[in-house]
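Working notes, structure below.
Positions are given from 1 along the sequence. Reckoned from all heavy atoms, side chains included, excluding hydrogens, waters and symmetry mates.
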Amino acid sequence: MAGTEHRLSLEPEKQGLLNHHTEKHFTAGEIVRDIIIGVSDGLTVPFALAAGLSGANATSSIVLTAGIAEVAAGAISMGLGGYLAAKSEGDHYARELKREQDEIIAVPDTEAAEVAEILAQYGIEAHEYAPVVNALRKRPQAWLDFMMKFELGLEKPDPRRALHSAMTIAIAYILGGVVPLLPYMFIPKAAEAVVFSVVVTLVALLIFGYAKGHFTGNRPFRSALETALIGAMASAAAFGMAKAFHP
């Protein structure tokens with residue numbers, strides 16, 4: 001949807017139509033992606049660690065201590081990874097913006113031809129896109145924005161995106177990581193606690209998988225089963241390997 005500053009030049013009739021029309025699009029994709037990354041890893045990794053230590057006949061206190069340490073380290077690591085990834089996207093956008101800006105100044109005719117080529121790909125005829133190309137040449141900033149979006153497929157990132165991504169992933173990881181450790185807080189015997197941990201975590205994975213499928217547009221029930229299956233496989237592998245080396 002175009003920004004308000006672009007709508008000011010529209011005809012009153014069209015402006016009125018836009019003012020009375022509200023589009024319901026899901027626009028929190030980046031936040032949901034960060035939450036999915038954090039929660040999915042938070043549920044799975046500490047779950048597998050706890051199951052593995054339980055298989056090695058460790059006490060609940062040891063499992064809990066190791067689990068908390070892993071959740072803390074994992075949250076920092078995942079958050080830092082999210083920060084660096086988002087910052088890299090911002091740096092990439094800035095480099096491409098500068099390069100495109102220099103090209104518009106150095107070779108304007110070539111850049112104008114690229115605009116024409118882009119519009120022609122949508123089936124617009126030469127006599128139809130020529131006024132658009134000329135109009136963009138008179139508006140350097142709009143021309144630059146057009147090239148970034150339609151030639152390079154890049155959207156200007158939020159300057160606060162890196163910090164928000166880091167915090168979202170880290171908090172989501174902690175929230176997910178606490179779930180499989182809860183039974184060890186109340187049950188002293190790890191052999192008993194692991195049973196409750198499996199039940200609680202699988203239920204959490206099913207709920208999380210269903211929500212993930214709902215928000216991402218996939219089939220919720222299939223997403224729930226896939227998410228739970230991945231977590232179950234990870235914990236079973238860790239538990240089995242621990243039992244194999246420490247019967």
Side-chain angles (χ1 to χ4, degrees), residues 1-38 81-169 172 211-220 222-223:
M1 186 180 293
T4 304
E5 67 277 5
H6 294 150
R7 290 183 181 177
L8 296 177
S9 61
L10 291 176
E11 298 173 4
E13 181 181 356
K14 292 184 174 61
Q15 184 68 59
L17 290 173
L18 290 175
N19 290 339
H20 290 86
H21 174 67
T22 302
E23 295 184 353
K24 296 180 180 180
H25 294 295
F26 184 71
T27 57
E30 291 182 340
I31 296 175
V32 170
R33 182 186 66 184
D34 290 341
I35 292 174
I36 289 173
I37 291 172
Y83 178 87
L84 293 175
K87 191 174 185 302
S88 296
E89 290 179 6
D91 293 342
H92 173 64
Y93 182 89
R95 286 194 302 271
E96 292 302 322
L97 182 68
K98 181 65 169 61
R99 183 180 293 120
E100 197 64 38
Q101 198 170 30
D102 292 343
E103 290 177 352
I104 287 176
I105 295 173
V107 285
D109 291 338
T110 302
E111 292 299 299
E114 290 179 353
V115 174
E117 182 183 27
I118 292 170
L119 295 174
Q121 293 174 356
Y122 290 91
I124 302 175
E125 300 292 338
H127 68 280
E128 295 172 322
Y129 64 62
V132 178
V133 175
N134 292 331
L136 285 174
R137 296 190 68 160
K138 296 176 184 178
R139 299 171 177 81
Q141 186 58 50
W143 190 2
L144 181 60
D145 292 342
F146 180 91
M147 299 304 288
M148 293 298 291
K149 291 178 182 178
F150 292 97
E151 182 191 20
L152 303 178
L154 297 175
E155 292 284 347
K156 184 177 181 179
D158 185 341
R160 299 168 298 178
R161 165 68 183 148
L163 182 59
H164 288 174
S165 178
M167 294 298 295
T168 302
I169 292 176
K212 180 178 68 173
H214 173 74
F215 284 109
T216 57
N218 296 323
R219 287 179 287 183
R222 179 175 179 178
S223 176

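The residues Asp34 and Arg161 are annotated as salt-bridged, a charged nitrogen and a carboxylate oxygen being separated by less than 4.0 angstrom. A salt bridge does not link Arg95 with Asp91: every distance from a Lys NZ or Arg NE/NH1/NH2 to an Asp or Glu carboxylate oxygen is 4.0 Å or more.
Rounded to the nearest 0.5 angstrom, Arg139 CZ and Asn134 CG are separated by 10.5 Å. Taken from CD in Glu151 to CD in Glu96, the straight-line distance is 9.0 Å, to the nearest 0.5 Å. Note: Leu84 CG to Glu89 CD = 11.5 Å, rounded to the nearest 0.5 Å. Here the straight-line distance linking atom CD of Glu117 with atom CZ of Phe150 works out to 14.5 Å at 0.5 Å rounding. Here OH of Tyr93 is found 9.0 Å from CG of Leu152. Values are rounded to the nearest 0.5 Å.
Surrounding CZ of Phe146 are more than 12 heavy atoms belonging to other residues, nucleotides or ligands, all under 6.0 Å away.
The closest side-chain heavy-atom distance from Val115 to Glu111 is not below 4.5 Å. Annotation: side chain of Thr110 is not in contact with side chain of Glu103 (no heavy-atom distance under 4.5 Å). Met148 is listed as a side-chain neighbour of Glu100, based on a closest heavy-atom distance under 4.5 Å.
Checking side-chain atoms of Thr168 against main-chain N and O of His164 turns up a donor-acceptor pair under 3.5 Å.
Counting all heavy atoms, side chain and backbone alike, Tyr83 lies closest to Ala166 at CB-CB, 3.7 Å. Lys87 and Ala162 make their closest contact through N-CB, 4.0 Å (heavy atoms, listed as atom of the first residue, atom of the second, distance). Between Gly82 and Ser165, the shortest heavy-atom distance links the atoms O-OG, 3.6 Å.
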